[in-house]
Q: 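I am attaching a structure below and will ask some questions about it afterwards.
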Amino acid sequence: MDLNFSGRVTRVVVVEEVSQVGQARREALAMADGIGFDEMDAGRVALAATELATNVIKHGRGGRMYLSVVCGRGGEGIELCTLDAGPGFSLAQSLPDGYSTGGTQGLGLGAIRRQATVLDAWSDDKGCVVMARVYASRVARDVDVPYGALRLAMRHEVACGDAWHLRADAQSVAVTLIDGLGHGLPAADAAQAGVAVAAARGAVAPADLIAAMHAGMSGTRGGATAVASVDVASGAVQFAGIGNISAGLHEATTTRGMASHPGIVGVQFRKAQPFHFHAPAGTLLLMHSDGLQARWSLRDYPGLFHRHPALIVAVLQRDFDRGRDDTGIIALRLGDLH
């Protein structure tokens with residue numbers, strides 16, 4: 001499996017009244033058309049969007065939908081993720097047709113499951129998060145890649161100064177996260193310049209990639225940058241970071257932080273000294289910008305560690321987003337990509 005994918009900005013659709021269900025459907029359909037889905041597969045996305053948004057209105061007292069283009073084995077797909085403040089539900093109970101928490105026919109989640117390649121949900125006293133991924137019907141059944149990512153612009157901004165890149169081949173997997181200095185278009189330009197270098201360079205050591213991004217981001221505002229590279233065969237992880245990017249390797253009961261050095265890539269820093277780790281299969285590599293608070297622990301969410309990385313990312317963003325900056329998060333389950 002070869003991947004060379006730069007994350008696009010996540011589209012946010014507010015869903016607080018019935019008229020906005022149609023807006024969610026139109027946004028999802030436009031995104032599906034944009035990646036070349038045929039009429040049938042675009043229809044699957046539209047149906048999933050309608051059912052998810054309707055559930056947010058009927059059972060969740062309103063909320064929002066995140067729409068993202070995701071990369072899979074052999075093709076791109078659409079991720080739909082809803083967050084609400086409702087009373088929550090049991091996914092196992094709610095999937096069979098006929099079960100309802102709100103007096104409806106109880107067909108919504110069952111319909112979503114039939115359209116989606118991946119479906120996962122999390123429910124607690126803060127509300128419910130439901131994540132569905134739809135890939136084209138022509139691709140293999142094991143198309144999904146076990147990662148989750150959000151690239152959210154600061155409120156009232158269109159451009160996002162945080163960006164990420166995922167590269168994978170038979171030998172290694174690399175994740176890059178960039179937080180352009182400030183926000184708005186200048187920050188986005190800096191981040192995009194760095195991501196363009198990551199997309200063009202191929203498999204290189206993290207410190208060497210950061211050096212190349214430093215040259216590529218010269219003349220921009222620059223930004224914080226971190227790169228983690230994983231050797232597929234051995235589980236060896238090499239990490240290098242400059243600036244305020246939080247990164248860690250998470251297992252079921254332990255977390256190992258990965259430290260960055262001071263500086264601004266594209267402007268000035270001394271050296272991207274790499275750190276070395278070993279990560280067994282199942283480890284969750286998670287990196288985020290300072291748009292997300294750093295004081296969180298997956299141990300506060302019993303069972304969440306074992307869920308899809310996209311669901312983990314959405315729950316953390318729901319609970320720890322600072323709300324005053326761009327937010328970039330990416331999480332990757334190691335050992336499950338090949």
Side-chain angles (χ1 to χ4, degrees), residues 8 10-84 86 88-123 127-145 148-150 307-308 310-311 314:
R8 304 176 197 179
T10 303
R11 181 78 178 98
V12 183
V13 183
V14 175
V15 185
E16 294 179 343
E17 56 184 48
V18 174
S19 64
Q20 292 168 323
V21 172
Q23 179 66 17
R25 180 184 181 279
R26 288 188 292 273
E27 295 275 2
L29 190 57
M31 189 172 283
D33 289 341
I35 64 170
F37 270 21
D38 62 23
E39 185 176 354
M40 182 184 72
D41 290 327
R44 292 166 55 217
V45 172
L47 179 56
T50 300
E51 294 293 347
L52 283 166
T54 299
N55 281 346
V56 168
I57 295 293
K58 289 184 176 180
H59 307 293
R61 300 195 291 264
R64 58 194 184 276
M65 178 182 287
Y66 293 159
L67 297 169
S68 304
V69 175
V70 293
C71 67
R73 296 174 172 90
E76 295 178 340
I78 301 297
E79 179 182 290
L80 310 95
C81 184
T82 55
L83 302 89
D84 65 50
F89 60 86
S90 163
L91 182 61
Q93 280 185 322
S94 301
L95 280 174
D97 289 343
Y99 179 86
S100 174
T101 61
T104 65
Q105 291 182 315
L107 303 177
L109 280 176
I112 296 164
R113 181 178 62 175
R114 288 187 286 272
Q115 307 310 319
T117 311
V118 180
L119 176 64
D120 205 353
W122 177 261
S123 183
C128 185
V129 181
V130 181
M131 182 279 299
R133 285 184 172 178
V134 181
Y135 294 96
S137 53
R138 58 178 170 74
V139 300
R141 293 186 64 183
D142 62 346
V143 62
D144 190 54
V145 175
L150 289 171
R307 310 302 281 274
H308 195 287
L311 194 68

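Predicted, not measured: the structure shown is a model, and the values here were computed from it. Residue numbers run from 1 in the order of the sequence given.
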Q: What are the two closest heavy atoms between Leu150 and Ala314, and how far apart are they?
A: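 Residues Leu150 and Ala314, closest heavy atoms: CD1-CA, 4.1 Å.
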Q: Any chance you could measure Cys128, atom SG, to Arg61, atom CZ, to the nearest 0.5 Å?
A: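 Rounded to the nearest 0.5 Å, the SG-CZ separation comes out at 11.5 Å.
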Q: Any side-chain heavy atom of Val129 within less than 4.5 Å of one from Leu311?
A: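 Yes. Closest side-chain heavy atoms under 4.5 Å.
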Q: Using every non-hydrogen atom in the two residues, find where Ala48 and Ile112 come nearest and quote the distance to one decimal.
A: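 Distance-wise, the nearest heavy atoms are O-CG1, 4.3 Å.
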Q: Where do Arg44 and Ser137 come nearest, in terms of heavy atoms and distance?
A: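 Shortest heavy-atom contact: NH1-N, 3.6 Å.
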Q: To the nearest 0.5 Å, how far apart are CG in Leu83 and CH2 in Trp122?
A: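 That separation rounds to 13.5 Å.
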Q: So Met31 and Val45, side chain to side chain contact (heavy atoms under 4.5 Å, CB included) or not? Walk me through it.
A: CA-CA 9 Å; Met31 189 172 283; Val45 172; over 6 Å; no
Q: Any salt bridge between Arg114 and Glu51, counting N to O under 4.0 Å?
A: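 Result for this pair is no, no salt bridge flagged.
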Q: Which residue pairs pass the salt bridge (Lys or Arg N to Asp or Glu O under 4.0 Å) test with at least one member in residues 12-35, sequence neighbours excluded?
A: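 Every salt bridge (Lys or Arg N to Asp or Glu O under 4.0 Å) pair that includes a residue of residues 12-35, provided the two are not neighbours, is Arg11-Glu27.
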Q: Return the NE2 to CG distance between His59 and Asp84, rounded to the nearest 0.5 Å.
A: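 Between His59 NE2 and Asp84 CG, I get 10.0 Å after rounding to 0.5 Å.
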Q: Asp38 versus Arg138: any side-chain heavy-atom pair under 4.5 Å?
A: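 Heavy-atom side-chain distance check fails, nothing below 4.5 Å.
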Q: Give the minimum heavy-atom separation between Val145 and Tyr135, together with the two atoms involved.
A: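 Closest heavy-atom pair between Val145 and Tyr135: N-OH, 4.1 Å.
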Q: Could you tell me the separation between the OG1 atom of Thr117 and the CG atom of Asp142, rounded to the nearest 0.5 Å?
A: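 It comes to 11.0 Å.
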Q: For Ala132 and Leu52, work out which heavy atoms get closest and say how close.
A: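 Looking at all heavy atoms of both residues, the closest pair is CB-CD1, 4.4 Å.
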Q: Please identify each residue that fulfils side-chain contact (heavy atoms from CB on, under 4.5 Å) with Ala53, with sequence neighbours left out.
A: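 By the side-chain contact (heavy atoms from CB on, under 4.5 Å) rule, Ala53 matches Val15, Val21, Ala24, Met65.
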Q: For Val139 and Arg73, what are the C-alpha separation, side-chain angles and deciding distance, and is it a side chain to side chain contact (heavy atoms under 4.5 Å, CB included)?
A: CA-CA 8 Å; Val139 300; Arg73 296 174 172 90; over 6 Å; no
Q: Rounded to the nearest 0.5 Å, how far does CD of Gln115 lie from CG of Leu80?
A: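 Going from CG on Leu80 over to CD on Gln115, the span is 11.5 Å.
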Q: Kindly indicate, with the supporting measurements, whether the criterion side chain to side chain contact (heavy atoms under 4.5 Å, CB included) is fulfilled by Ile78 and Val70.
A: CA-CA 6 Å; Ile78 301 297; Val70 293; over 6 Å; no
Q: Can you see which heavy atom on Ala28 is nearest to which on Leu67, and at what distance?
A: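 Smallest heavy-atom distance, with atoms named: N-CD1, 3.6 Å.
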Q: If I take atom CD from residue Glu76 and atom OG from residue Ser68, how far apart are they, to the nearest 0.5 angstrom?
A: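 Here the rounded value is 12.0 Å.
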Q: Test side chain to side chain contact (heavy atoms under 4.5 Å, CB included) on Gln20 and Val56; report intermediate values, then the result.
A: CA-CA 11 Å; Gln20 292 168 323; Val56 168; over 6 Å; no
Q: Would a distance-only check, ignoring hydrogens and angles, find a side-chain to backbone donor-acceptor pair under 3.5 Å from Asp120 to Met131?
A: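 Flag not set: sc Asp120 to bb Met131 has no pair under 3.5 Å.
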Q: Can you tell if the side chain of Phe37 reaches within under 4.5 Å of the side chain of Leu29, non-hydrogen atoms only?
A: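 Not touching, per the 4.5 Å side-chain cut-off.
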